[in-house]
Amino acid sequence: MSGMRKFILILALISICFASEQKEEIEFDEQPGVGHFHIAGGLSNTKPADDEARQVAQANKAAVEAKTGKTYNTFEVESYATQVVAGTNFFLKVKVDNGEYVHVRVYRDLSQAHSVHSVQEGKSSSDALAYF
């Protein structure tokens with residue numbers, strides 16, 4: 001075997017060993033597609049509300065009210081998760097009037113336009129966000 005072939009073979013073996021070691025370090029949550037890193041198409045871990053989530057919620061409050069047929073005096077994002085598709089899906093846990101919660105799925109396309117995909121009513125503070 002030539003010196004160059006030996007070098008390439010050794011380099012390939014080192015790469016395979018490194019890849020198998022990395023695979024063992026990845027920890028997954030119980031839900032498929034949800035891990036400690038972001039997978040395109042998978043739902044991210046739930047995180048506390050930040051400025052981006054609050055902006056998405058406020059920009060889509062009227063559409064949520066139209067879907068539920070209700071007007072909300074309170075409309076505060078508590079937490080959210082995202083899913084990268086051809087754009088981004090935002091899954092928002094929103095505190096509304098009387099201590100109730102709604103889960104809202106908002107799609108933001110690549111041109112940054114929003115649309116409310118769906119709303120789940122009758123949620124509580126202890127209900128986990130999940131794909132819907």
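All values reported here derive from a predicted model rather than from experimental measurement.
- Residue pairs meeting the salt bridge (Lys or Arg N to Asp or Glu O under 4.0 Å) criterion with at least one partner in residues 104-132, sequence neighbours excluded, are Glu52-Arg108, Lys70-Glu121.
- The six-membered or imidazole ring of Phe91 lies near that of Phe132, with a centre-to-centre distance under 6.0 Å.
- Nearest heavy atoms, Ala57 versus Val77: CB-CG2, 3.2 Å.
- Although no hydrogens or angles enter the test, the distance criterion places no donor-acceptor pair under 3.5 Å between the side chain of Lys67 and the main chain of Val104.
- One hydrophobic cluster, built from ILVMFWY side chains closer than 4.5 Å, holds both Tyr72 and Val116.
- Taken to the nearest 0.5 Å, the CG atom of Asn45 stands 12.0 Å off from the OG atom of Ser79.
- Judged by the 6.0 Å and 45° rule, Lys93 forms no cation-pi pair with Tyr80.
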Carefully, step by step, assess His103 and Leu129 under the rule side-chain contact (heavy atoms from CB on, under 4.5 Å). CA-CA 7 Å; His103 289 183; Leu129 276 173; 3.8 Å; yes

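- In this structure, Thr71 OG1 and Asp97 CG are separated by 9.0 Å, a value rounded to the nearest 0.5 Å.
- Surrounding NZ of Lys95 are at most 12 heavy atoms belonging to other residues, nucleotides or ligands under 6.0 Å away.
- Side-chain atoms of Asn89 and Tyr131 include no donor-acceptor pair closer than 3.5 Å.
- Judged by distance alone, with hydrogens and angles left aside, the side-chain atoms of Glu65 form no donor-acceptor pair with the main-chain N or O of Asn60 at under 3.5 Å.
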Please lay out, stage by stage, how Phe75 and Val94 fare under the test side-chain contact (heavy atoms from CB on, under 4.5 Å). CA-CA 6 Å; Phe75 199 78; Val94 182; 3.8 Å; yes

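- The main-chain N or O of Val64 is found under 3.5 Å from a side-chain atom of Thr68 such that the two form a donor-acceptor pair.
- Side-chain polar atoms of Tyr101 and Glu78 form a donor-acceptor pair below 3.5 angstrom.
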